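Beneath this line is the structure, given in structure tokens, with notes to follow.
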Amino acid sequence: MCCIIKENVMSMEVPGYMRVRAYLYNLAEHATEKNPKIPSENTLCRMFGVSRMTVRSAIKGLIQTQVLQTRRGVGTFVNTEFTQKATVRLPLVGLLQDSGRNVYSTISPAVRTAVIESGMIPELVVLPDSDDPVRLLEMISDHFSAIIWESPGADIVPHLRALKASRIPLLLAGDREICPVPEGEFDTLETSRAGRGKLLGSFFLENGHERICYVHNNSRMTPNDSPDKPETTSGALTEILREQNPPAEVHYISLAELESELESFRPTVVYSKNSNAPYIGRLLNDKKIAVPGELSYLSSGPAAAYFFNGKAVACIDDASGLHDSVIEWLDRRVFRQELSGNFHRRIEAVIEINQTFTANRKDNT
């Protein structure tokens, strides 16, 4: 039988030693003056909310690798004679997501790829334990050329405004339904959960699919994706079905419930996040349910063909728009250094009809 993961792995914060070491390493790599002095131990303890022992351990490790050097009675400095033996320093772009504190944050591949293709280095940033935005500015002001923050929460607004006031280029990317700041206040790439739901509903009905299985990750639907809220993906999907074809049936279930659900309900199409595709593909293969012959599959975001017997997976995605808009923003804000005016792009999702999806014509069923 297919093994289904029933619960999400609990989020885990990056250990303090690693956060201090990463900060100091980036500081050294992007030093513009000769042998600059690093922040004091007290400052680093305050910035990251860690002990003096943790700070000293991180510094010691970088001294051993020659990134830093000590001067007795003076302090610890960047060893630029060592670090500048490398090639030209590429601009560093900080990437954050949600609360900015989850070590398992999955930055959009489209965003990360766009940074790399713009000739820059993407670097995951994890907020210090302190809720004081000044601590974040201390971490990034010396060596980051820009910051991209995906789906920031409402509790992050003070950090966003501090970044904006610092004049470090900042781009917010995410769904407008959960955007925590007023329109026009920040540079934004705007996607839409409701827009995806409406597109899905119309697409399924246009292709004759009236029995839909919507698979989510958790044991229950969350407020950010609820059939009762039309501003969410599942809510907008439900609304379209009610308006255009009331007999249509959609079941909202967790990944852990899919196997038993298939015993009592045979959908014509299954929809899920791309991270669920491997488990769904294996389960359907184990149950000998042919895709797309007996059941079509559509993922949110691209998924690997491997788990569907080599068939290219159909998906709904906004990656192309995100990718191109991030490159445009980086060109304007980092390369051209045009910091005035407002940058806003609305990203529309599209559906790629690949080999795991076919129309479900009633005359053929």
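We use all heavy atoms of the structure for the numbers below, so side chains are in, but hydrogens, waters and symmetry mates are not. The model shown is predicted, which means the values in this text are computed figures rather than measured ones.
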Applying salt bridge (charged side-chain N to carboxylate O under 4.0 Å, His left out) to E338 and R333, what does each step give before you reach the verdict? CA-CA 5 Å; E338 297 175 2; R333 297 302 193 213; 5.8 Å; no
Taking atom [atom1] of [X] as the centre, does the number of heavy atoms from other residues, nucleotides or ligands within less than 6.0 Å exceed 12?
X    : atom1 : answer
E243 : CD    : yes
F265 : CZ    : yes
K273 : NZ    : no
F77  : CZ    : yes

Looking at [Y] and [X], is any side-chain nitrogen of the basic one under 4.0 Å from a carboxylate oxygen of the acidic one?
X    : Y    : answer
R161 : E185 : yes
E138 : R135 : yes
D131 : R101 : yes

Are [Y] and [X] linked, directly or through intermediate hydrophobic residues, by side-chain heavy-atom contacts shorter than 4.5 Å (ILVMFWY only)?
X    : Y    : result
V111 : M120 : yes
V55  : I63  : yes
L189 : I178 : no
I147 : I327 : no

Under the 3.5 angstrom rule, does the side chain of [X] hit a backbone N or O of [Y] as a donor-acceptor pair?
X    : Y    : value
T356 : A314 : yes
Q355 : A312 : yes
N285 : G281 : yes

May I ask you to test the [X]-[Y] pair for a side-chain heavy-atom distance under 4.5 Å?
X    : Y    : value
V67  : N79  : no
I116 : P122 : yes
K198 : R196 : no
L62  : R21  : yes
L298 : I351 : yes
L262 : K287 : yes
V78  : N35  : no
V125 : F144 : yes

Checking E177 against S192 for the side-chain hydrogen bond (donor to acceptor under 3.5 Å, both in side chains) test, could you report, in this order, the C-alpha distance in whole Å, the side-chain angles of both residues, the deciding distance, and whether it holds? CA-CA 7 Å; E177 293 87 357; S192 172; 2.7 Å; yes
Are R345 and F343 in a cation-pi contact, defined as NZ or CZ under 6.0 Å from the six-membered ring centre and within 45° of the axis?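 Yes, cation above the ring, under 6.0 Å and within 45°.
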Over all heavy atoms of both residues, which pair between R332 and N342 is shortest? Give the atoms and the distance, please.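 Smallest interatomic distance, heavy atoms only, reads NH1-O, 4.3 Å.
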Heavy-atom closest pair, residues S145 and P169: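 Nearest pair, atom of S145 first, then P169: O-CD, 3.4 Å.
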Which residue is it: D225, T233, D175? I am looking for the one with a side chain to side chain donor-acceptor pair (under 3.5 Å) to R193.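 Of all the options given, the one that passes is D175.
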How far does [atom1] of [X] sit from [atom2] of [Y], to the nearest 0.5 angstrom?
X    : Y    : atom1 : atom2 : answer
I38  : L27  : CD1   : CG    : 8.0 Å
N274 : C315 : CG    : SG    : 8.0 Å
F204 : S296 : CZ    : OG    : 9.0 Å
R176 : T191 : CZ    : OG1   : 8.5 Å
H216 : S226 : NE2   : OG    : 10.0 Å
N276 : L255 : CG    : CG    : 4.5 Å

Side chain to side chain contact (heavy atoms under 4.5 Å, CB included) evaluation trace for W149 with L160: CA-CA 9 Å; W149 204 318; L160 300 180; 3.5 Å; yes
Can you check whether H209 and F357 have ring centres sitting under 6.0 Å from each other?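 Aromatic pair counts; centres sit under 6.0 Å.
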Determine, using ring centers only, whether Y23 and F48 are less than 6.0 Å apart.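 Here the rings of Y23 and F48 have centres that are less than 6.0 Å from each other.
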Under 3.5 Å, is there a donor-acceptor pair linking the side chains of S57 and T54?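 T54 and S57 do not have a side-chain donor-acceptor pair below 3.5 Å.
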Could you tell me whether the side chains of R211 and N360 share a donor-acceptor contact shorter than 3.5 Å?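 Side-chain D/A pair, R211 to N360: absent.
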Before you tell me yes or no, could you show the steps for Y252 and L237 under side chain to side chain contact (heavy atoms under 4.5 Å, CB included), namely the whole-Å CA-CA distance, both residues' side-chain angles and the distance that decides it to 0.1 Å? CA-CA 11 Å; Y252 297 98; L237 169 61; 3.9 Å; yes
Given the rule in the side-chain hydrogen bond (donor to acceptor under 3.5 Å, both in side chains) test, do H323 and E117 qualify, once you have shown the distances and angles that lead to the verdict? CA-CA 10 Å; H323 172 273; E117 291 181 0; 2.7 Å; yes
For T358 and N207: C-alpha separation, side-chain torsions, deciding distance, then whether side chain to side chain contact (heavy atoms under 4.5 Å, CB included) applies. CA-CA 8 Å; T358 59; N207 285 277; over 6 Å; no
Does the salt bridge (charged side-chain N to carboxylate O under 4.0 Å, His left out) test come out yes or no for R46 and E41, once each step is laid out? CA-CA 9 Å; R46 186 182 70 251; E41 290 183 0; over 6 Å; no
